[in-house]
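In listed order, ligands and their atoms are each counted from 1.
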Amino acid sequence: MQQLSLCPGSFALEKEMGEPETDNQYAKWGSLIAAYIEAVRTKRHNKPSMNLNLQEMADACLAKANQAIEDIRGHIGAGAYNPADEFWSVEIRLWGNTQLGHRYSGRFDLGVLNKTAGIGIIVDDKSGWGDIPPASENLQLRTLAVLAYKHWRVNNIFVVLNQPSKGKPSVAHYGLSELIAAEGEIESYVNAAYTPGADRRPSAKACKFCSAKIFCKEAMEVFTKTATGEIAGDWALALDQLEVTELVAKDLKAKAKQALAANPKAIPGWHLKEGYERTSITDPKGAFGRLSDTITSEDFMSCCTVKIGELATAFQKRAGIRNKKVARTGLEDRLSGLLDKKKSEPSLERVGSSEKEAE
Ligand code: SF4
């Protein structure tokens, strides 16, 4: 919905090109975490197996969602809200029609409906680290609030953006007047997207998840302008445009790789170079056991690198510390004099986009 609000023409182009989204490792981890969360919430199937870090993220999503729901109940007050009247649903897609008859839909991770109290709660779990607009500005959640309002016929909807990597869930409340305004806003984006010849407006935010980037004349024009230095001198504009060109370039490479994988002769002058094979030891203790007749433990340890993040997680668990930051500080205190800290190069960031600045 954010993409449609910024670039209404992307809807028709994506449909026309029918390009599937490029799959990546993060998307696969996200799907695993979502399957784990769904299994716990519905108890319909077994939890998928996954590494400790992913499992911790899934457990954090579950715990923080429950806490957010508990906080909303508390905010409404025991007299006006009885949890026994709640109906919980998981991974449901809701459909709506605009006044012009255009169809749109949204799928929520968790919905809690309390008809008696006239309240609905929508939870959207985000297991990644990416910057996502807070609940009050989030158009995906606003769409879900509108759809829930239409289906559930309650006049109070709470939306919860549950992203444990960013701390506490972000919560927004839509009362009746806000729901009516949101319905008008969201449906205006949908109507605009269905309008033949709708505008295409490239920007980093609009193009980020658009699957039609490499077929889009407007995005390619930005690419060409950057390449020919047409915007030289205007740094802010150049950086804005560069974000679009980087997105297009990344997508172009991914699609070229797919084409060459399907047909090695697809692109004259190019071929897919075999990836490097990396060998790693999955069981250091077992490996040393097999080599200890030849090398000393000092030899072995001098070849080992310890991942500080994973060590902090293990330390937190063993020491029974609830807070991740406290565990990390405790670990670093214990390892004082044995740590080497290096600061990476400063990076470019838009003003207002980091959490610190937002606070
Ligand atoms: S690439 Fe960008 S400008 Fe082109 S259709 Fe997609 S979102 Fe719109």
Side-chain angles (χ1 to χ4, degrees), residues 1-24 26-27 30 96 98 100 102-107 124 126 128-134 137-144 146 161 182 185-232 234-260 262 266-267 348-353:
M1 195 53 76
Q2 165 149 313
Q3 182 182 313
L4 294 192
S5 74
L6 298 167
C7 178
S10 63
F11 176 66
L13 192 65
E14 283 195 309
K15 229 168 132 187
E16 189 189 333
M17 295 308 158
E19 280 294 304
E21 278 179 32
T22 319
D23 220 2
N24 62 39
Y26 297 105
T98 71
L100 298 180
H102 298 309
R103 248 164 113 58
Y104 65 105
S105 75
R107 184 183 168 102
D124 185 42
K126 300 279 188 212
W129 291 81
D131 288 328
I132 294 167
E137 295 165 22
N138 191 297
L139 293 186
Q140 181 193 353
L141 284 172
R142 193 168 295 165
T143 308
L144 288 168
V146 168
L161 177 73
E185 179 195 354
I186 294 299
E187 298 197 349
S188 74
Y189 300 145
V190 177
N191 288 334
Y194 275 99
T195 305
D199 270 0
R200 293 204 289 262
R201 305 177 201 132
S203 69
K205 269 189 186 168
C207 304
K208 188 164 185 186
F209 297 109
C210 177
S211 61
K213 283 188 269 293
I214 64 166
F215 306 104
C216 174
K217 188 165 83 57
E218 288 74 8
M220 281 297 174
E221 274 168 10
V222 175
F223 201 88
T224 329
K225 272 187 201 157
T226 318
T228 53
E230 261 184 62
I231 45 179
D234 185 339
W235 282 102
L237 179 63
L239 289 174
D240 283 349
Q241 308 283 50
L242 194 60
E243 279 187 290
V244 177
T245 61
E246 280 170 351
L247 288 167
V248 175
K250 204 170 147 206
D251 213 39
L252 239 155
K253 281 190 175 173
K255 298 257 162 47
K257 277 188 186 177
Q258 278 172 6
L260 286 167
I267 307 174
L348 285 164
E349 186 185 69
R350 275 180 200 281
V351 174
S353 60

Exercise. Which is it for Glu14 and ligand 1 at heavy atoms under 4.0 Å: side chain, backbone, both or neither?
Worked result: neither
Problem set entry | Any N, O or S atom of Cys216 closer than 2.8 Å to atom 2 (Fe) of ligand 1 | no
For this session: Would you mind reporting whether Thr245 and Val248 have side-chain heavy atoms less than 4.5 Å apart?
Result: no
Exercise. Is it the side chain, the backbone, both or neither of Ser10 that has a heavy atom closer than 4.0 Å to ligand 1?
Worked result: both
For this session: State whether the side chain of Asn191 and the backbone N or O of Glu187 hold a donor-acceptor pair below 3.5 Å, judged by distance alone.
Result: yes
Exercise. For Arg201, is the nearest heavy atom under 4.0 Å from an atom of ligand 1?
Worked result: yes
For this session: Please say which of Lys15, Gln3, Arg201 ends up in a side chain to side chain contact (heavy atoms under 4.5 Å, CB included) with Ser10.
Result: Gln3
For this session: Return the minimal non-hydrogen interatomic distance between Glu218 and Arg200, and the atom names on each side.
Result: OE1-NE, 2.9 Å
For this session: Do me a favour and list the nearest non-hydrogen protein atom to atom 6 (Fe) of ligand 1 with residue, atom name and distance?
Result: Cys210 SG, 2.4 Å
Exercise. Should the proximity of Cys7 to ligand 1, defined as any heavy atom under 4.0 Å, be assigned to the side chain, the backbone, both, or neither?
Worked result: side chain
For this session: Output yes when Glu246 and Lys250 qualify as a salt bridge under the 4.0 Å nitrogen-oxygen rule, no when they do not.
Result: no
Seminar exercise, completed: Cys207 heavy atoms within 4.0 Å reach ligand 1 at atoms 1 (S), 2 (Fe), 3 (S), 7 (S)
Exercise. Under 4.0 Å from any heavy atom of Lys213, which atoms of ligand 1 are there?
Worked result: 1 (S)
For this session: Would you give the length of the straight line joining atom NZ of Lys213 to atom CE of Met17, rounded to the nearest 0.5 angstrom?
Result: 14.0 Å
Problem set entry | Heavy-atom check, side chain of Tyr189 versus side chain of Thr143, under 4.5 Å | no
Exercise. Is ligand 1 less than 4.0 angstrom away from at least one heavy atom of Ala206?
Worked result: yes
Problem set entry | Numbering as shown, the atoms of ligand 1 that approach Arg200 to under 4.0 Å (heavy-atom distance) | 5 (S)
